[in-house]
2 protein chains.
Amino acid sequence: MDYKKQLVEFFKDVDERCILGLSIDCVIFGFYDNQLKVLLLRWKESDEWGLPGGFIYKKESVDVAAQRILEERTGIKELFLQQFHTFGKDVRYNRVEISRKLNWPDNSTRLWPDRTVSIGYFALVDVSKVTPTADFLTDEYQWLDVEKLPPLLFDHNHIIEVALKTLRVQLSWQPVGYNLLPEKFTMPELQRLYETILNRSLDPRNFSKKMRALGIIERLEEQRKGGAFKSPYLFRFDKEKYKKALKEGHLAFS
Amino acid sequence: MDYKKQLVEFFKDVDERCILGLSIDCVIFGFYDNQLKVLLLRWKESDEWGLPGGFIYKKESVDVAAQRILEERTGIKELFLQQFHTFGKDVRYNRVEISRKLNWPDNSTRLWPDRTVSIGYFALVDVSKVTPTADFLTDEYQWLDVEKLPPLLFDHNHIIEVALKTLRVQLSWQPVGYNLLPEKFTMPELQRLYETILNRSLDPRNFSKKMRALGIIERLEEQRKGGAFKSPYLFRFDKEKYKKALKEGHLAFS
DNA sequence: TATTGAATATGTAATTAATACATAAAGCTT
DNA sequence: AAGCTTTATGTATTAATTACATATTCAATA
């Protein structure tokens, strides 16, 4: 059975097992090469990219569904995952246009509901711990720079924008980094993460002072060698204190 | 035709005109008697209270539906309205329990979907400008103190808690008051609004200093007479500057 | 092995914001 | 006129934020 026939079966199956007209879209952020990246999937037999997403089983909480979808796509369980907005415009896609873009038969989206409301979640993950896996509809993944995204399927560019905005606001009163950086990292790496998310440069003396004052990281004796310059110290998050700061929220990068 | 028969018609009609399995719940905050109030509706032929809510027409944006529902319930168009969370637990109500509580015939909720996901919006309104109107399912409204709520239908107590938490967080970086107070208000009134939302007392000298420094209110020459004490000055929000502050977010009640 | 270039580590002074705190003034009542 | 109640207001202290420059280390290479 070829892909196009499987598609019909796939959507029939979704209709049977899942809630209709409601989906989840996941904005999975990662950080490397000093850039904030987002995980995107290329849809089969097309050049179109979109966010990982999925549907909610009939007897499954939405939060659980989001977690499941993320685990399916990234292979990791423990991650920062947060619902940030529900996208409910009456027209979020045009079935004819989608069929064309995806090179699907004309009537293949016939079984889709007239509209779909999508609940957006964003996740922060350590790229090195992730093994992205495409789903049935897609066959390639890529981490793309959030600042240089091509036009995506559906309203996914907009969804990413809102996620990013939420992340920026959150950064001003909660710590970020535990889920985005490897276990050990240098102060400049942490600073570049903040600079990337906030999209502006910070003073290294003030940044270091503030971060260390928060009491959520500890400096190790270890240094990272390798560059033709002074070796930076390595740091590590104190998981307990980090979690506490997440809850209480006492940062202020204004 | 009596109410119980109409009920069946009502839900049939909803099924035909609206998206299934998705609803909107509105937490409408108001402020008077120095207390933060929330608008609640009593369901017909019962003593059970719940949030105003409704369903989304098949070709209607979720935001528009929320606005429509609020307008139907309060009669006012221009209000602060914000989506704050989507509630998607797999079990949010028990149909048998609901039937019993509402004194409905046993099978009256038979046509309800197995579960409903609800999108939560909160609104801030000037109580004096509102003419609350009950809907088909309800026949009485009341403004109840958010701190003294009885057990409500469904997960509405939880929804209000989340709304209140959101409002508190928001207060720390955005102004509040334009939609909750009458056009002219005194500084102590504004302070009590803040104290009520934050649930703690503030120093009047510091509060006044800070508020006036924000540049979003102007003091009028007018004073309010009437009490056996020094007449307070009246203030008014500068709508433009208030809107700007809303967008930019520069407050900090920490 | 001495030199150079690149990135890191660090401290202090100045400014701004937040907090703590008490008294005089005005309006109504009696 | 006295008394009660609520409002209006300023200053000193502390804490937080900002601005700013130089010495260090490592690797490459001359």
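Please read all numbers here as calculations on a predicted model, not as lab measurements. Chain letters run A, B, ... following the sequence lines, proteins first, then strands; residues in each count from 1.
- Rounded to an integer number of Å, the gap from A:Gln191 CD to C:dT8 P is 9 Å.
- Taking the centre and axis of the six-membered ring of A:Phe154, the NZ or CZ atom of A:Arg92 falls outside the cone set by 45° and 6.0 Å.
- For the pair B:Glu222 CD and C:dG27 P, the interatomic distance rounds to 15 Å; values are reported in whole Å.
- The separation between A:Met187 atom CE and C:dG11 atom P is 13 Å, rounded to whole Å.
- Remark: C1' of D:dT7 and CZ of B:Arg205 are 12 Å apart, rounded to the nearest angstrom.
- With D:dT7, D:dG10, D:dT25 as the candidates, the nucleotide lying closest to the side chain of B:Lys209 is D:dG10.
- A:Glu147 and A:Gln35 form no side-chain donor-acceptor contact under 3.5 Å, judged by distance and modelled atom types alone.
- Summarising the geometry, the separation between CE on B:Met211 and C1' on C:dA17 is reported as 15 Å, rounded to the nearest angstrom.
- Rounded to whole Å, atom C1' of D:dT25 lies 16 Å from atom CZ of A:Arg224.
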Query raised in the report: Can A:Asp139 and A:Lys44 be said to form a salt bridge (charged side-chain N to carboxylate O under 4.0 Å, His left out), step by step?
Result: CA-CA 5 Å; A:Asp139 59 5; A:Lys44 280 178 186 166; over 6 Å; no
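- For B:Asn206, whose side chain is taken as the heavy atoms from C-beta onward, the closest listed nucleotide among C:dA20, C:dA22, C:dT10 is C:dA20.
- Where A:Ser208 and B:Ser231 meet DNA chain C, the nucleotide closest to each residue was compared, and A:Ser208 sits on the side nearer the 5' end.
- Taking the six-membered ring where tryptophan is involved, the planes of A:Tyr242 and A:Tyr178 are tilted, since the angle between them lies from 30° to 60°.
- The side chain of B:Tyr233 lies closest to D:dA8 when the candidates are D:dA8, C:dT8, D:dT6.
- Closest-nucleotide positions on DNA chain D for B:Thr186 and A:Gln223 were compared, and the one nearer the 5' end corresponds to B:Thr186.
- Proximity of A:Arg219 to the phosphate of C:dT10: a side-chain N or O atom is located under 4.0 Å from OP1 or OP2.
- Atom CG of A:Asp203 is separated from atom C1' of C:dA14 by 14 Å (rounded to the nearest Å).
- Picking from D:dT9, D:dT17, D:dC26 the nucleotide with the shortest atom distance to the side chain of B:Arg212 gives D:dT9.
- With hydrogens and angles ignored, no donor-acceptor pair closer than 3.5 Å exists between the side chain of A:Lys225 and the base of D:dT25.
- Closest to the B:Lys230 side chain, of the nucleotides C:dA9, D:dT7, C:dT19, is D:dT7.
- Look at A:Lys210 and you'll find a side-chain N or O under 4.0 angstrom from OP1 or OP2 of D:dT17.
- If you measure from atom CZ of B:Phe207 to atom C1' of D:dG10, you get 18 Å, rounded to the nearest angstrom.
- The cationic atom of A:Lys37 (NZ for Lys, CZ for Arg) lies less than 6.0 Å from the six-membered ring centre of A:Tyr32 and within 45° of the ring axis.
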